[in-house]
Amino acid sequence: MTTDFDREAELIKKAASGDEAAFEALVRDYRDLVYSVAYQNLRNSDDAFDVSQEVFIRIYRGIGSFRGDCKFATWVYKVTMNAVRDFVRKASIRETSPLTFEGEDGRETDIPELVCPDSDEPESAALRSETVRAVRRAIDSLSFEHRQIVILRDIEGRSYDEISEMLGLELGTVKSRLNRARLAIKKYLQGDGEWNIF
Amino acid sequence: MEREKSENESIAVDCGAALDIMVSAAYGDADDESMRLLREHLAECESCRAEFEKIKRLPGLVAECRVLPERDLVGSVMARVKVEAAAKRRRRIVSRCAVAASFMLCATLIFAGYKMLVGSANKQYEAPSDLYARDTGSSGILCAIGINSADDVASVRIGDGDGEFDVADREFVSRLISALSNMKSGDASDSQDGLPGNKHWGIGDGMGTGFGTESVPENPDTSLVCDPDSTTDPSDAVPPSNIFAPPAPSLKKIVITLRDGTSVEADCDADLATVTIDGTVYDASALTSEELEIIFGNTQK
């Protein structure tokens, strides 16, 4: 029986030997994680797209040196964060600054490509979209450390073990930090007056 | 008061502690004991029940904050990967070519080095005018024969104290060339062996009347074999019959020059069978050993 781990190990092996189809499969598997982490940290879709491309090119160049000392997801995450840091450094953007989207009039504009559940009621969809934007602002307000954990666990659905390895933290630290981050989101929404729209 | 006491007794956790559990519970992370405590608290606390209903929506809303790329990220990445792969292949090809070129260069250098070594061993065959140059002393003749394998021209320089040679004497030139031809064909050993003053054939000690060398390599080419039956003296080793080997078989021209600068050019055919001087064809191989002896004998007079 082939597990996901076996499948991934096989893809990595093939990609390392130059199999482009295998590498493409890996890109598909990690596209969302990479882009999401990049986007949540950069708050700009174009920048996130560029950085994501850069991440996968770095992975392509370095996959031959991946020895499996850590999970592939961990390696991908670290490559992603390094690329984000490099980008931020170049762009002189502070990582912890909660960035907002600004329209031509200088006001906050729609969050691009939100994954919203289908709804037959436009008003309900608009309300939910507004609520999601409020939650996004709450996530933006988190510290860098809290934001990473929320992204990895509550947005990308990574396991605690993976997150522990990715961030180099004890499992208990991950859990406690995650709970504080979730509470901070709730408090932000309460303080922002958004809690009432729930 | 009674009511407060009742609540404190029945509620194991306060609202603050309950909030922590509510958040964990909303995300499915609360353990069984925490859930039991929360249920007990919510059963008694209406405000927390309302709060928990809101908190339970949080995980879904946070998950909806996931953003997907607007453009085809996979396609863009793979397009760049293909460019990278092509560049990598080019680098690999260039690298292999470089390795191959290096190998070829090394092989060429090794071959050239080998040729130089071999060339130095055969130096007496290839360098004009340092070949067979020797004054035999007894004859008073200096004759230097050089064969340039690059253009297949044999240069014969003749100079002696007597000045008896004359390149205008076509007969003499023809006979001289015949002598060369005979030497080349192997007759020379017989014809020269009995010449006056020519006690020693062989490498390192002259080869007869004016033909010899003092600069034979210590490790001669295999064509310069010694004849162990000839003499016990190594210096008396019999020269190979084909004294001009290896360049002589393709010899095209012989240029004979006297010390005073006068010279004659003789075109020759294969194996020096005939020579052509100023349009006249001479049978270079027609001379007998006796004639050769006369020629060389005369030069010593």
Side-chain angles (χ1 to χ4, degrees), chain A residues 18 20-21 23-24 27-28 31-32 34-36 38-40 43 45-46 48-50 52-57 59-61 111-117 128-129 131-136 138-140 150-151 153-157 160 175 178-180 182-183 185-186 189-190 195-198, chain B residues 13-31 34-35 38 47-93 95:
Chain A
E20 291 181 18
F23 184 75
E24 182 172 348
V27 174
R28 291 189 186 284
R31 171 193 58 187
D32 293 350
V34 169
Y35 184 81
S36 183
Y39 182 85
Q40 299 294 345
R43 318 304 302 157
S45 58
D46 287 337
F49 191 86
D50 292 344
S52 296
Q53 282 194 83
E54 178 62 24
V55 167
F56 284 115
I57 292 301
I59 290 171
Y60 175 76
R61 290 171 181 163
I111 298 168
E113 290 294 317
L114 285 176
V115 181
C116 296
R128 190 168 183 87
S129 180
T131 307
V132 170
R133 274 198 293 274
V135 173
R136 184 178 299 284
I139 295 171
D140 289 347
V150 168
I151 291 168
R153 176 63 185 173
D154 296 341
I155 296 180
E156 289 305 316
Y160 283 114
K175 289 181 177 178
L178 179 63
N179 210 46
R180 286 199 296 275
R182 288 164 173 172
L183 282 169
I185 290 173
K186 176 186 174 299
L189 293 171
Q190 280 181 315
W195 197 240
N196 293 330
I197 66 176
F198 274 59
Chain B
V13 292
D14 60 17
C15 292
L19 178 61
D20 281 351
I21 299 174
M22 280 191 282
V23 171
S24 294
Y27 283 92
D29 287 343
D31 56 28
S34 295
M35 288 301 293
L38 178 62
S47 63
C48 281
R49 282 201 300 274
E51 192 76 352
F52 189 47
E53 289 306 309
K54 291 182 178 181
I55 290 173
K56 282 194 289 186
R57 295 184 62 202
L58 258 183
L61 291 166
V62 170
E64 286 183 33
C65 289
R66 186 181 213 192
V67 180
L68 297 177
E70 297 174 5
R71 291 173 279 164
D72 179 12
L73 179 59
V74 176
S76 298
V77 168
M78 292 314 296
R80 287 188 59 182
V81 162
K82 289 184 188 307
V83 172
E84 286 265 330
K88 192 182 288 184
R89 280 193 293 272
R90 280 197 298 275
R91 284 195 297 273
R92 195 179 299 135
I93 290 170
S95 175

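Just so we're on the same page: letters track the sequence lines, and every chain starts at 1.
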_Derivation of the side-chain contact (heavy atoms from CB on, under 4.5 Å) call for A:Lys186 and B:Lys54_ = CA-CA 10 Å; A:Lys186 176 186 174 299; B:Lys54 291 182 178 181; over 6 Å; no
Under 4.5 Å from any heavy atom of chain B, what part of [X] do you find: side chain, backbone, both or neither?
X        : result
A:Ile139 : side chain
A:Arg153 : side chain
A:Gln40  : side chain

*So which of A:Val27, A:Ile151, A:Val34, A:Asp154 has the biggest tally of heavy-atom pairs under 4.5 Å with chain B?*
A:Asp154
*Picking from A:Glu54, A:Lys175, A:Arg61, which has the most non-hydrogen pairs under 4.5 angstrom with chain B?*
A:Arg61
*Mind checking what makes side chain to side chain donor-acceptor pair (under 3.5 Å) contact with A:Tyr160, not counting sequence neighbours?*
B:Asp29
*Got a sec, which residues hit side chain to side chain donor-acceptor pair (under 3.5 Å) with A:Arg28, two or more places apart in sequence or on another chain?*
A:Glu24
_If the threshold is 4.0 Å, N to carboxylate O, is there a salt bridge linking B:Lys56 and B:Glu53?_
yes
*With a 4.5 Å cut-off on heavy-atom pairs, point out which of B:Leu19, B:Asp20, B:Val74 contacts chain A the most.*
B:Val74
_Side-chain heavy-atom pair A:Asp46, B:Arg71 within 4.5 angstrom cut-off_ = yes
